[in-house]
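FYI, side chains are in, hydrogens and waters are out, and symmetry mates aren't considered; it's all heavy atoms of this structure.
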Amino acid sequence: MVKSVQYINPKVSSHALYVSYILGFISFVMTIRCTWDTCWYITVAPTAFAAYTNCYGLWSFCDDKGTCGKWFAGAHLAPHPMERLFGRIGMILSIILSGASIIFLTFGLPVVGLMTFTTSTKRSLANSSGILFLAASIITFCVVLTHTITRAKMVAAGEPTDLGSAIFTGFIASGIGFVAGV
């Protein structure tokens, strides 16, 4: 039986740490999934021959014919709008912070005995993990909110667009990460 370790609040047992670990891992995976969506930005352009639609994700792009490619290849190294750069940098930072907090919380769990940490060291690791989860979820929320506002402006202007799964996945990941941090 795992001995209950008291952390921030004397009423909080080690069971809260395990719940936080599971929720944090789910949030981490959902944040990564959010960045894989290929339609963060949609461009619809009418041409003389036929209209075309391009979907631009944070890391790749696809056109309406099913041709996809990576952003870091060839001519796609051209400058991108500030919102796209903000999205990339924010999501990379969020993934790094979430990953670091999972590692900290792993060593802060009472059942993990890989290193001989004292209870106060484990408490510090768990508290640091919570702060990192909160920071990562706030960054994810800000990036996805900015993306949502841009999409809403496009809809209000009558431009063709759709709500990609990145919006929903990002908000859910942010909420779960916030709960894990608290």
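In the displayed structure, Phe25 atom CZ is contacted under 6.0 Å by at most 12 heavy atoms of other residues, nucleotides or ligands.
In this structure, Ile22 is a member of the same hydrophobic cluster as Ile176, with clusters built from ILVMFWY side-chain heavy atoms closer than 4.5 Å. When the side chains of ILVMFWY residues are joined at heavy-atom separations under 4.5 Å, either directly or via intervening members, Val19 and Phe28 end up in two distinct hydrophobic clusters. Linking Ile, Leu, Val, Met, Phe, Trp and Tyr whenever their side-chain heavy atoms come within less than 4.5 Å leaves Ile149 and Ile89 in two separate clusters.
Checked against the 6.0 Å centroid criterion, the rings of Phe171 and Phe141 qualify as a close aromatic pair.
A donor-acceptor contact shorter than 3.5 Å links the side chain of Ser129 to the backbone of Ser101. Judged purely by atom type and a 3.5 angstrom limit, Thr106 uses its side chain to pair as donor or acceptor with the backbone of Ile102. The main-chain N or O of Cys34 is never found under 3.5 Å from a side-chain atom of Thr169 such that the two would form a donor-acceptor pair.
To the nearest 0.5 Å, the span separating CD1 on Ile138 from CG on Leu97 amounts to 11.0 Å. Distance check: Ile167 CD1 to Leu145 CG gives 10.0 Å after rounding to the nearest 0.5 Å. Note that the CD1 atom of Ile32 and the CE atom of Met91 stand 9.5 Å from one another [nearest 0.5 Å]. Separation of atoms OG1 (Thr31) and CD1 (Ile92) is listed at 13.0 Å; rounding is to 0.5 Å. Put simply, OG on Ser128 and CZ on Phe107 are 13.5 Å apart, with the number rounded to the nearest 0.5 Å. To the nearest 0.5 Å, atoms CZ (Phe178) and CG (Leu23) are separated by 13.0 Å.
Applying the side-chain hydrogen bond (donor to acceptor under 3.5 Å, both in side chains) test to every pair with at least one member in residues 90-99, sequence neighbours left out, gives these pairs: Ser94-Thr140.
Closest approach of Ala180 to Ser20, counting heavy atoms only: O-OG, 2.7 Å. Here the shortest heavy-atom pairing between Ala173 and Met30 reads CB-CB, 3.7 Å.
At a threshold of 4.5 Å between non-hydrogen side-chain atoms, the residues Leu105 and Leu17 count as touching.
With Ser174 as the partner, the side-chain contact (heavy atoms from CB on, under 4.5 Å) test is satisfied by one option alone out of Cys142, Ser27, Ser137: Ser137.
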